[in-house]
Each structure stands twice: as structure tokens, then as C-alpha cells.
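This is a predicted model, so every value here is computed, not measured. In what follows, chains are A, B, ... by sequence order, proteins preceding strands, each numbered from 1.
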Number of protein chains: 2
Amino acid sequence: MTTIYDVAKRAGVSPATVSRALSGARGVSEATRQRVLAVAQELQYSPNYIARSLKKRQTNTIALIISDITNPFFTTLARGVEDKASEHGFNTIFCNTDEDPRVEAAYVELMLRRQVDGLLISSCSDGRSLSLLSRRDVPVVLVDRKVKSSSWDCVVGDSEYGAYVLTKHLIEVHGKRKIAIISGPLVLSTSRERVEGYTRALKEAGVTPREEWIFIGTYKEDFGYQATRRLLEYGPSVEAIFAGNNVIAVGAIRAARELGVRVPEDLALVTFDDFDLVSTLFPFLTAAKQPAYTMGTLAVEMLLERIRGEKIRERREVVLRPEIIIRRSCGCHADS
Amino acid sequence: MTTIYDVAKRAGVSPATVSRALSGARGVSEATRQRVLAVAQELQYSPNYIARSLKKRQTNTIALIISDITNPFFTTLARGVEDKASEHGFNTIFCNTDEDPRVEAAYVELMLRRQVDGLLISSCSDGRSLSLLSRRDVPVVLVDRKVKSSSWDCVVGDSEYGAYVLTKHLIEVHGKRKIAIISGPLVLSTSRERVEGYTRALKEAGVTPREEWIFIGTYKEDFGYQATRRLLEYGPSVEAIFAGNNVIAVGAIRAARELGVRVPEDLALVTFDDFDLVSTLFPFLTAAKQPAYTMGTLAVEMLLERIRGEKIRERREVVLRPEIIIRRSCGCHADS
DNA sequence: TATCTTGTTGCAACCGATTTCTTTCCTCAT
DNA sequence: ATGAGGAAAGAAATCGGTTGCAACAAGATA
């Protein structure tokens, strides 16, 4: 590989001058700059960013730690992150944790070793696996899920609001009262807030949430499936399900279908997060659609501000409202 | 940050010894090793991989260059890549080109500067934007799309086969003869092969493919939409559409729906690539489903072999057969 | 003419690891 | 007793850039 020394020798100058010429720093005469540029071109010089990173203590890399890139919500988020980051000359390393705190902790440690300039984290834990981060002072922005008692910026969706509106819709428009919720784990802020919104809507309608209607598990398709089977096989006759997120909804519908329960005729269903592309094709799921792409770009912008060392004293918390999209799964008529 | 020098000083040894102790190299007494380990633990030492990379000339990083992580096909591929890579201690940098060869070329150059150990590329060009790669000898494996006259390994789907079977199905099972194809650009191997498979099936059935049934454009939703509108508004009465890929299919269906043309009743449709998660929910699209995840893992394995410098003289080409999934969009009854 | 700027350029240190080459010291065979 | 052999550990070079500082030349000012 041709290095800066090769270019220097060929151009008859020192490596320092080459560095300055190429970076556009002042202190190099125009004539020299042109000559260096020409030689660099001629030798097809391509600077080694590893060496540069070592010296500058900046890698122009950020990490995005999420549970599963395969989930359309995270895919869109990731796309937003990549777009905004690369717009600013940063690259993104993606890490899938599969909702496993141990994997999360391992990735965090690995990313620190790799000297990423900052991390975007949708934590799958209560934040304990992030403890080694607080001891270092690397910039972090939490996305989608906040972690209690952390001092990091975050950009999240308004889960309480979305859950409240969705549940209220089931109650007021469709007259449902026996509504179950299949939620992710309560260590996650999204789960807690969604349960809260659900509970509030129920209580406001004079319905006491029953314990056997509340399923707490994980944000996985299989949990949605298992919970729904149990609900439909042994539970009281439920009229509607509030699915904690899109993959839980898929599991729920699969279970219902297997048991011959029709959605929405026999069982209404609402959920969080949409299936972008496909939803234009099959406008079926009534959902609280979060602005995933925007969450990604905003989070990157906030992270870059921290990386640049801009003096922002207070912790910032951006809360984005989900868009409530009414389609058929709740019992409303399809509008297309 | 604590460095190897801090650990060395504290443990009363040289940095060289610390390095050896931590890496498990021989030449360090057990007593010393234990002491170093203890000190490293105590100081919360976390090695700087940038420094290591500079010296070892190996970054343990690969790049995945694709057109759009938002497309479920690529998402699944990417997941396979990330899983397999991280299993071997490699991290993955994702690059979205949006089918723009200039962006692709820029990313390739950037990744070389970052000294990635290898690249996985689903090129959106005829390969000319990859020319600077052939001059360097960095390992490359092409995924999904092959580039003519390159000497790189590749793992791709059997597009000709998939297109042939799909088209044949329309002809033989559903008696269609007026079948249009909405294809990606012919610089891409996938497009060429799909057009070939389509043509072969038609010819075998004694149908001469008509030029106004063949739309060559891009793998984008909007192109699928525009082409279908044109086809339905001005063209001869077409009976079926073969969509070049999943997003084209979405556009096509959207256009058909807008014009009041029912799929599959008025217009049959088959396509390449599936919508994983969602297809269990809405088993609608008849498609040639490629093993995207496997493509990803296989590609990484082949790339790692090259990175390890294993002496494989010949170029390897892995061709994976798509699975033909018959559902409703072609006119068959849903089986679920 | 002497001094002061100002602009170019090079020298050399540095970033934090790894690795080659030595040195030192101990053990064991002759 | 002596030399060979081997293990343990350190010194120093190295990877390829960046940058503070010094050197120097040329032009400006007194």
C-alpha cells in the first residue's frame, strides 16, 4: 500500500507537508499543494484512517445497538441512523442483541475497545449491562427505550399516549371492555408505559384491569403466539388484544388463526409499530406508528452534538408522538 | 483512559509483557500472568483496538454494501452477515447505496481507507465503480448480484430458474399467455437472468415475448407503480405480471388497486423475494423466495477464508435455488 | 542596513498497541 | 566446572498518520 511517506518522497517534501496539503490546512503554498495533490493522484494514495484515528483519537464511527435489525421498526430506525451519520462522515456499526442483556454488555465493551465516538442504544436491559459506560465518558444517546436514572439524552416514542389512545379506541368506538394486553418485559420503559396507557384507558372507562388479561413477556413473535393461545384456550372470553409491538401482533394473529378465531370479527387487535412497505399492500393492522426514521436521525444529531463536545449541560429527552393509524384489525372498516 | 503502559507500570513489568500476558502468548511465567491479569482487572483496562489494528494490519471489520437495508430481503441478508461475522469476532459496517453507483464507489473508497479486512458487495452497477478494488488486493465476495468478468467469489440466487418456474406456473396452471415483466436494470445479473427465465418459459410455451410487455427500469417501488400504470392504461390487455422483485411487486399492486384492477382476479402477479414476518400474516404473494439469511452467512464464510489467506486458487460461485412459494396472487387458492 | 513579520517547510514526538531482537538467568548435560 | 539450551522479560522499532515547534527565507518596516 502506498503511504504518506511514498507520496512525500515522490513529491520531494516531508510527510508533514503532505498531510497538511491533503487536509487543506493552511501553511502550504499553493504550488506545493498542487504538486502534492498531483503525486497523490498519480500514486493512487489512499490515507489510512486507522492511523489517523489513533493519532486524532477520533474514529468517525458510531455504534447502533438494537435488539433485531430484522424488525421493520428497527430497520427503519437504522436506516435513519445510517443516513444521518454518513451525511456527517460517520460510519455505523450495527449490533443485534436479540434482547439478551449479556450480548448487549459484550457489544458495549467491544465497541468501547473499538473506540467508537459514540453509541446509540436501545437497551434490552434495566441498564445494568450499561454500567461500564457510565464510568467512561463516551457520548451515549438512548433510542426508543429509556433507562431509568441515567444521565444520557434520549429520543423515544410516547408509548403511554399511544397505548391510551389505542385502548380507548377499542372501548369507545367498538364497545370492547374485555381487553387483554400482551406486553414486553417491564424492565423496559416502552412496556411499562404501554401497560400504563392501557390501564389508564380502562380505568377511565370504569373497567378494572384483570390480572389474567395482562401478559408480561418479551417482544418476540413466539411470546405473542403463546400468550394468545393461552388466552384463547383457557382464559375468559376476551374481546380484544392490545399487542405490545408488531412482532407480538404477528404471533397473536397466528395463534388466533390456528384456533379458528377471526380477527377482527371474533377478536379485535391493535398494536404498536407498523410494517412500512407492506402496510400499503395490506392495510390491516390498527397501530400506533412511531416515527422510526426520525427517531434515528434525531438521535444521531443529538449524539453528534455531544461528540463535538458542545456544552449542553442538561439531559435532553425528546418524546415523539406516534401516529394512530386506524385500519381493519380493530374492527373498523378498511378505508381502501 | 488507561493504557497498556499504565498496567505495565502498576504491575512492575514492561508493556511487552502485559501484551503477552493478556493475549495468552507464551513467554510469560504463570505468576507474572496472574499479576498482570489482576492489575488489568483492577484498572479496568480495555485495550485500544485501533492501536492494535494499526500494528497488526487487521481491523476485524468487514463492510456490507447493499442498496437498501429497508428491503426485507437485504435486512435478512444483513442479519445473516452480522450473525456469522460476529461469531468470528468481526464487526460489520453497513452501507446503503440506494442503487446509485456513485454512492457505491464512494463507499468502497471509504471502506478501503478504513482498512476493512474484506467487503461483501451487492453491486448496483456494472462493476465499473468497483474498478479501484481490483487494483488493490483486498478480499471481496459478491452477494446476490454478480459482476461480469470479475475474479471474485460470489454467492447468488438462481434467478433464471426462479423466473422460469414462476412464469411457467402462470402459463401452465393458470393458462396465462399475456404476461408482462417489470424488471430491474439489465446491468444487474439478477435482472438479466430473470428476463431470461421469463423469456425461456414463454418461448417454450410458444409465446413470443412482446416488447411492450417488457419494462426495464429499477428495483424501486415507484418504478413498479409507474410501469404498471402505463401497462394497464395504454397497453394491450395483460393477464399477468412478473415483478422483478418484492418492492416492484408492491408498486405494481398499488397501481392496480388504484385503477380498480383486482389481483389476482383481473391480473395475476408473481414476484421474486418474500416479506418474511409479514407473509405468515398475509400469505398473499406467490414468490420465488431466496434464502437471504443463508446467502449472508455463506458469503461471510467465503470472505473469511479469503481473509485468512487460505490458498484457494479458483474463483468460487455458489448458486442457491429459490424456494417457489405458491400463494394467492397468481390465482391459486390460499392454502391457509 | 538591521530588525521584525509572515509564510513555508521539516524535524521529531506522539497515539497505543505488537513483535523482533537481546539480555539475563537458570537448569542440565558433559 | 563449563558450555549449551531454554525460559522469562525488557528495549526498541514499528504501524501511518498528525501536529507543536523550530528553522529558514523573503518581504516589510524602521
task: List the steps, then state whether side-chain hydrogen bond (donor to acceptor under 3.5 Å, both in side chains) holds for B:S29 with B:T32.
output: CA-CA 5 Å; B:S29 72; B:T32 309; 2.7 Å; yes

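Nearest heavy-atom pair across A:L132 and A:E109 is CD1-OE1, 3.1 Å. Scanning both residues, A:S125 and A:E104, for their nearest heavy atoms gives OG-OE2, 3.4 Å.
Atom CZ of A:R128 is surrounded by 12 or fewer heavy atoms from other residues, nucleotides or ligands within 6.0 Å. Within 6.0 Å of CD in B:Q41 there are 12 or fewer heavy atoms belonging to other residues, nucleotides or ligands. Remark: B:R102 CZ is loosely packed, at most 12 non-hydrogen atoms of other residues, nucleotides or ligands lying under 6.0 Å away.
Looking at heavy-atom distances under 4.0 Å, A:S53 makes no contact with the nucleic acid at all.
Looking only at atom types and distance, the side chain of A:T17 has a donor-acceptor partner in the side chain of A:S14 under 3.5 Å away. A donor atom on one side chain and an acceptor atom on the other are not found under 3.5 Å apart for B:Y49 and B:T59. Residues A:N71 and A:Y219 bring no donor and acceptor atom of their side chains to less than 3.5 Å of each other.
A:R26 places its CZ atom 9 Å from the C1' atom of C:dG7, with the value rounded to the nearest Å. C:dG16 atom C1' lies 11 Å from atom CD1 of B:I50, rounded to whole Å. If you take CZ of A:R114 and C1' of C:dG16, they are 16 Å apart, rounded to a whole angstrom.
A salt bridge does not link A:E305 with A:R308: none of the charged nitrogens is closer than 4.0 Å to a carboxylate oxygen.
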query: Once each nucleotide of nucleotides 17-25 of chain C is scored for protein heavy atoms under 4.0 Å, what B/S/- sequence comes out, 5' to 3'?
result: BBBB-----

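Scanning DNA chain D 5' to 3' for nucleotides with an atom closer than 4.0 angstrom to a non-hydrogen atom of chain A gives a first and last hit of D:dG16 to D:dG20.
Helix bend of the helix from C:dT1-D:dA30 to C:dT30-D:dA1: the angle between its two end axes, each built from five pairs, comes to 60° after rounding to 10°.
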